[in-house]
Amino acid sequence: MSFILRCIDCGQKAPYFPTATNCPQCNSQWREAEYDLETLSKTLPKLLANRPFDLWRYRELLPVQNPNPSISLGEGGTPLIRATNLGLMLGCPNIFIKDERQGPTASFKDRQAAVSIAALKEAGITEMVVASTGNVAIAYSAYAARAGIKLWAFVTSLVPAVKMREIALYGSQVVKVTGSYDAVKRAASEFAKQRNLYQSMGARSNSAVESMKTIAFEIAEQLTALHGTSDSTTDSETPLWQTPDWYIQAISGGMGPLGVAKGFSELEKMGFINKKPALAGIQSAGCAPIVNSWKKGLEIAEPVEVPRTHIETLATGDPGRTYQLLRKEVDATRGVFESVTDEEAFRAMHVLAKMEGISAEPASAVAFAGLFKLVRSGVIKPEETVVINCTGHTMPPEKFVLGDNWARNVVLPDTNPDEKTPQEGVLAALSHVVPERFPRIIIVDDTTEARLLIRRILQSQGDFNIFEASNGKEALKIIRREKPDLIILDLMMPELDGFGVLDELKASSETENIPVIVSTAKELTAKERERLKGQIQSLLQKGDFMSDEFLDEVHAIIN
Ligand SMILES: *Cc1c(COP(=O)(O)O)cnc(C)c1O
Ligand SMILES: [Zn+2]
């Protein structure tokens with residue numbers, strides 16, 4: 001990848017850094033990635049020819065320096081399925097379903113998570129906060145687990161419990177906030193600020209928007225493969241790829257479809273397609289600020305203060321500026337916004353499952369109910385080709401898998417949404433989220449991989465405040481300052497080795513009683529064993545970390 005970020009407010013161009021969210025000149029959070037599409041239009045076709053069909057085949061158009069295969073879960077490359085039976089029912093033979101349920105965590109948020117977590121990992125993030133209506137937290141949790149990033153997932157208490165349990169299963173901290181999604185976002189930012197943690201901008205981040213483009217790229221490639229190339233392939237005017245007449249997606253915040261639209265725009269600029277599809281954005285009638293504002297011809301969206309829908313995933317009451325951007329896109333492509341009731345969505349869910357064998361979550365069914373409405377009202381013509389995004393289906397873990405204490409509850413006092421600074425009540429509510437003090441553990445090892453492995457194993461087992469040192473001298477400094485509850489100590493290290501560290505610890509009354517677990521790859525001599533006797537809690541051979549013994553040992557020492 002090579003691109004710059006251009007501020008859509010002041011035009012300032014700046015290099016991309018995943019954690020820098022604002023324009024350096026005007027502080028705007030609205031910046032767009034710009035690539036050298038001219039060059040890519042020549043180089044990309046050849047590169048693509050030899051790559052597997054997954055999200056990373058478009059890596060030159062994604063904001064990650066070195067796609068890391070060890071974080072990947074096989075994201076992207078979801079099938080495009082012809083909806084033969086729906087087609088018969090509706091009298092439209094060319095309806096295709098982009099089946100995003102088939103992503104690693106069963107929703108299109110996998111693309112966003114895969115790219116965002118990869119970018120943040122490159123930027124050195126190890127702990128972060130995300131606010132979500134469910135699916136973002138699930139997807140981020142899976143990828144964060146692989147990347148060794150600790151995640152705090154703030155969700156509204158209305159998110160179905162099955163989804164919350166899925167988040168918890170991946171090892172994220174679930175924080176259930178009573179209040180609207182907009183209130184959850186405010187609580188999450190306050191928490192991140194207090195604890196000085198990186199807070200994900202979610203769908204608004206450049207990595208998220210860029211990831212969504214891959215849906216457009218894939219659809220164009222897949223439609224082309226399905227239809228075969230036209231008769232006039234020799235004609236140099238024939239575009240490389242084909243596009244549908246319509247692209248339909250359910251909308252909450254609206255950043256997803258905005259990213260897909262950017263993908264089609266880039267294909268058009270590279271000359272790979274000759275027309276963008278009309279964009280149809282569908283909302284739930286009980287929370288349809290975008291649809292209602294568009295139908296009224298408003299420049300700025302009128303927020304819905306109290307969403308009235310059972311479909312929590314789509315309950316973004318205030319789309320903010322996304323409305324303006326999306327409206328421009330819909331008008332430019334002669335698309336539409338439409339809303340459907342919850343009942344219509346649930347009915348569409350049954351039709352889709354019973355006629356096409358596809359079990360979608362209610363938020364996705366909203367898009368299908370929208371399709372039915374647009375075909376019946378004649379907006380979509382019988383001969384037109386339609387691609388509809390089946391955005392998600394979540395498989396939940398059973399209740400008994402997790403035990404009782406898998407979430408923390410935050411009850412927010414009533415706040416005035418206009419207020420910029422949170423009231424004391426919010427602060428007080430948040431103060432219960434994290435205990436005063438987590439058990440503190442220092443990992444002393446000269447290899448980064450070993451430290452990371454131990455950190456992950458510990459994090460998968462509970463909440464710890466973890467310190468790391470790569471040699472004995474550094475370790476002593478941190479131990480004297482932090483007074484950890486446990487030291488996990490390697491023996492072979494530069495500067496001062498593990499034996500030397502032990503000698504120093506035992507020489508001071510301040511540190512002599514701190515428990516130590518020694519981890520070593522070395523076969524110890526009898527003399528070395530003698531030296532450790534009485535000085536340490538236990539001795540572990542490297543490679544044995546996952547043994548229950550190690551974890552039991554840690555828990556016994558800490559609790
Ligand atoms: C997030 C989500 C949406 C809405 O996407 P936005 O980009 O926020 O508009 C729709 N369907 C499902 C299943 C989702 O997870
Ligand atoms: Zn700017």
Side-chain angles (χ1 to χ4, degrees), residues 52-55 57 74-103 106-108 110-111 212 214-231 233 239-250 256-257 260 263-264 267 272-282 333 335 338 340 345 347-361 363-393:
F53 194 63
D54 66 17
L55 174 147
R57 71 192 260 103
E75 47 281 353
T78 57
L80 187 70
I81 300 166
R82 186 188 282 268
T84 314
N85 298 321
L86 282 189
L88 284 170
M89 177 185 91
L90 295 169
C92 288
N94 295 311
I95 296 174
F96 296 89
I97 298 171
K98 183 64 173 159
D99 194 4
E100 288 294 295
R101 299 174 316 152
Q102 299 197 38
S107 90
F108 78 111
D110 282 318
R111 296 177 191 266
M212 292 302 170
T214 58
I215 295 175
F217 302 162
E218 287 178 15
I219 289 173
E221 284 203 83
Q222 286 172 310
L223 268 188
T224 308
L226 276 168
H227 285 158
T229 30
S230 59
D231 308 337
T233 37
L240 189 61
W241 292 340
Q242 297 174 22
T243 46
D245 297 301
W246 287 90
Y247 173 75
I248 307 181
Q249 184 166 337
V260 177
F264 283 120
L267 291 182
F272 291 180
I273 62 172
N274 59 13
K275 95 179 171 1
K276 292 170 67 174
L279 177 61
I282 319 294
T333 58
E338 190 51 271
V340 298
R347 227 175 304 144
M349 222 169 132
H350 281 279
V351 170
L352 185 62
K354 294 181 170 91
M355 294 189 73
E356 298 291 354
I358 289 177
S359 151
E361 69 166 273
S364 314
V366 162
F368 285 88
L371 165 75
F372 301 166
K373 203 162 176 176
L374 294 175
V375 170
R376 284 180 185 138
S377 63
V379 174
I380 293 177
K381 308 280 185 300
E383 69 283 2
E384 289 183 314
T385 301
V386 180
V387 171
I388 173 159
N389 188 334
C390 186
T391 43
H393 173 110

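When reading the values below, keep in mind they use all heavy atoms of this one structure, side chains included, and skip hydrogens, waters and symmetry mates. Keep in mind the model is a prediction, meaning the values are calculated, not measured.
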- Where is the tightest heavy-atom contact between V340 and G370, given as atom of each residue plus distance? CG1-N, 3.7 Å

- Item | Criterion side-chain contact (heavy atoms from CB on, under 4.5 Å) on W246 and V379, from CA distance to verdict | CA-CA 10 Å; W246 287 90; V379 174; 3.7 Å; yes

- Looking only at heavy atoms, which two atoms of H227 and Q242 are closest? And how far apart? ND1-OE1, 3.0 Å

- Out of curiosity, F96 CZ to Q222 CD, how far, rounded to the nearest 0.5 Å? 10.5 Å

- Query: When rounded to the nearest 0.5 angstrom, what is the spacing between CG in L223 and CH2 in W241?
  - Reply: 12.0 Å

- Item | Passing candidate, side chain to side chain contact (heavy atoms under 4.5 Å, CB included) with V375, options L86, I380, V386 | I380

- Item | Test item: T214 side-chain N/O and L55 main-chain N/O as donor-acceptor pair under 3.5 Å | no

- Message: Could you go through E218 and R57, starting from their C-alpha distance and side-chain angles, then the distance that decides it, and tell me whether this counts as salt bridge (charged side-chain N to carboxylate O under 4.0 Å, His left out)?
- Response: CA-CA 10 Å; E218 287 178 15; R57 71 192 260 103; over 6 Å; no

- Item | For E356 against A83, the heavy-atom pair lying closest together | OE2-C, 3.2 Å

- Got T333 and F264 here, is their nearest side-chain heavy-atom distance under 4.5 Å? no

- Message: Whether the side chain of H393 engages the backbone of R101 through a donor-acceptor N/O pair (distance < 3.5 Å, no angle test) should be reported.
- Response: no

- Task: Given side-chain contact (heavy atoms from CB on, under 4.5 Å), test M212 with F108 step by step and report yes or no.
- Result: CA-CA 8 Å; M212 292 302 170; F108 78 111; 3.4 Å; yes

- Query: Can you check side-chain hydrogen bond (donor to acceptor under 3.5 Å, both in side chains) on T78 and K98, steps first, answer last?
  - Reply: CA-CA 7 Å; T78 57; K98 183 64 173 159; 3.1 Å; yes

- Message: How long is the straight-line distance from CD1 of I81 back to CD1 of I388, given to the nearest 0.5 Å?
- Response: 12.5 Å

- Heavy-atom check, side chain of E221 versus side chain of F53, under 4.5 Å: yes

- Reported NE2-to-OG distance for the pair H350 and S359, which is rounded to 0.5 angstrom: 10.5 Å

- To the nearest 0.5 angstrom, please state how far the CG atom of N94 sits from the CD atom of E384. 10.0 Å

- Query: Sub-3.5 Å donor-acceptor pair from the side chain of R82 to the main-chain atoms of P93, do we have one?
  - Reply: yes

- Message: To check you understand the geometry: which heavy-atom pair defines the closest contact between S364 and T391, and what is its length?
- Response: OG-OG1, 2.8 Å

- Message: Is there a side-chain contact between I358 and C390 in this structure, where contact means two heavy atoms from C-beta onward sitting under 4.5 Å apart?
- Response: yes

- Are any non-hydrogen side-chain atoms of M89 and V351 less than 4.5 angstrom apart? yes

- Message: Rounded to the nearest 0.5 Å, what separates atom CZ in F217 from atom CG in L267?
- Response: 5.0 Å

- Locate the shortest heavy-atom distance separating I95 from G87; write the atom from each residue and the value. CD1-CA, 4.2 Å

- Query: What closest approach, in Å, do N274 and P239 show between heavy atoms, and which atom pair accounts for it?
  - Reply: ND2-CG, 3.6 Å

- Message: D245 and salt bridge (Lys or Arg N to Asp or Glu O under 4.0 Å): which single residue from K276, K275, K381 fits?
- Response: K275

